[in-house]
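Here is the structure we will look at, set down as structure tokens.
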Amino acid sequence: MFVSDCLSVNEKGHLAIGGVDTVDLAKEYGTPCYVMDEDRIRKNCRAYVKSIEDNYGGNGLAIYASKAFNCKYMCKLINEEGMGLDVVSGGELYTAIQAGFPTEKVYFHGNNKTLDELKFAVENGVGRIVVDNIYELENLSRIAGECGKTASVLLRIKPGIDAHTHSFIMTGQIDSKFGFALETGEAMDGIKRAIAAENIDFRGVHCHIGSQIFEVTPFEKAAEVMIGFMAQIKAETGVECAELDLGGGFGIKYSFEDNPLEYSAYMAKVATVIKAECEKQGIKLPFIVIEPGRSIAGSAGITLYTVGAVKTIPDIRTYVSIDGGMGDNPRYILYQSTYELVCANKADKPRDFTITLAGRCCESGDLIQEDAPVQRVEPGDIMAVLSTGAYNYSMSSNYNRIPKPPVVMVSGGETKVVVKRETYDDVIRNDM
Ligand SMILES: *Cc1c(COP(=O)(O)O)cnc(C)c1O
């Protein structure tokens, strides 16, 4: 009925998440409000963990790309599910440390980690630093030496695969700000320097080919290219890569046209390719890392708003304004992302009304969806925007000095606030 299976319509005709009435949630916690189904998040985690056990003898680790949605509670949950954590900034790492996340299971990504961030990571025993470039490698080598430590690293490689939503193309030269290019020899040069560098323990290679990908073929192709490269590394340096990190990017359902893979099917297919290629190339099976972000948190979340003004411009469109917008969900203004809309208190009614859902910020582009079907809404209704669990809270801002909404987790019919609503005092906290 909806894009996400944690949603249903209850006996009052209201939208429910994890069995909890969203109209009651809006009353209790106010709007706007992010709500996430914790049980759904845990199920998603388990599917990935199990897929590595079932298809690859457990010789790997699923790490959650926490940029999708990070807070202390989420870090604790991910640790409880036996996953590792991917962080891309000192702030994400700090959150993980404060949540008691075991730092040896943290992978630190990013194309321009600052010197302070590298030091912070080394001092705190971060498990792997995924090195993006030579400048970073040199700095890391020096910083690790200064701290009297050895940094374990993977190198981020651009495998030359451009993964689009429904197809992929091999490109001669990929244009991306991330990582070392394979085809120019830059990657091999980086690997040789990493092997030779002091205070650096070279563990293997990483790639991440994109996001919101629905096909398994680009992932299979990436695995093939990376294993070919690992064989080349062995041939040229004598060093066997112990680890292969294949990144994330598994798509989720935002609209009914989206057809995501079963996450377990992904691993089944890719593991087959890995085994065949390693055998062919005569190298030992690497420890495999995968990095799902969106597919852990995205479909588990919704955002609840209260409808304010409804403006019909005859023969043009109807603008329905809500008490949130680009501050809590910048994805539409950034990428014209698709979302499903449901009027939470009229969820059993047909969606036979076409609206443009407008945010409250002072930007004409501050929209959440254009020309989208929804029930006949009026001021005071509760509007739910679905599949907002990933890249919404984590991308939110205080534009127009609007406090950020809270995050409420639903589990087994119980609810708890895991991120408090910001107050006006939070907004002026750093003002002098
Ligand atoms: C963003 C990112 C991910 C997660 O991507 P999703 O599309 O959310 O699964 C994983 N690895 C790296 C390096 C990333 O930058």
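Whatever order the structure lists them in is the order used to number ligands and atoms, beginning at 1.
Within ligand 1, counting atoms from 1 as listed, the ones closer than 4.0 Å to a heavy atom of Ala65 are 3 (C), 4 (C), 10 (C). For ligand 1, the atoms closer than 4.0 angstrom to any heavy atom of Tyr391 are 1 (C), 4 (C), 5 (O), 6 (P), 8 (O). If you number the atoms of ligand 1 from 1 as listed, the ones under 4.0 Å from a heavy atom of Glu291 come out as 3 (C), 4 (C), 9 (O), 10 (C), 11 (N), 12 (C), 13 (C). Remark: ligand 1 atoms within the under-4.0 Å shell around heavy atoms of Ser211 are 6 (P), 7 (O). The distance from ligand 1 to the heavy atoms of Arg156 drops below 4.0 Å at these ligand atoms: 13 (C). Annotation for ligand 1: atoms under 4.0 Å from non-hydrogen atoms of Asp86 are 10 (C), 11 (N), 12 (C). Atoms of ligand 1 found under 4.0 Å from any heavy atom of Arg294, numbered from 1 in the order shown, are 6 (P), 8 (O), 9 (O).
Protein heavy atom nearest atom 14 (C) of ligand 1, with residue, atom name and distance: Lys67 NZ, 2.8 Å.
Tested against Thr303 for a side-chain hydrogen bond (donor to acceptor under 3.5 Å, both in side chains), the candidates Thr31, Asn329, Thr388 yield a single pass: Thr388. Checking Arg193, Lys113, Arg142 one by one against Glu136, the salt bridge (charged side-chain N to carboxylate O under 4.0 Å, His left out) holds for a single residue, Lys113.
Heavy-atom separations between Gly249 and ligand 1 include at least one value shorter than 4.0 Å.
If you look at Val88 next to ligand 1, there are no close heavy atoms at all, none under 4.0 Å.
Donor-acceptor pairing under 3.5 Å is recorded for the side chains of Tyr73 and Lys416. Remark: the Ser411 side chain and the Asp39 side chain contain an N/O donor-acceptor pair separated by less than 3.5 Å. Side-chain atoms of Arg294 and Ser211 form a donor-acceptor pair, as typed in the model, at a separation below 3.5 Å.
Considering backbone and side-chain atoms alike, Gly293 places an N or O below 3.5 Å from some N or O of ligand 1.
Checked against a 6.0 Å centroid threshold, the rings of Tyr332 and Tyr339 do not count as neighbours. Less than 6.0 angstrom separates the ring centroid of Phe250 from the ring centroid of Tyr48. Aromatic rings from His208 and His109 are positioned such that their centres are separated by 6.0 Å or more.
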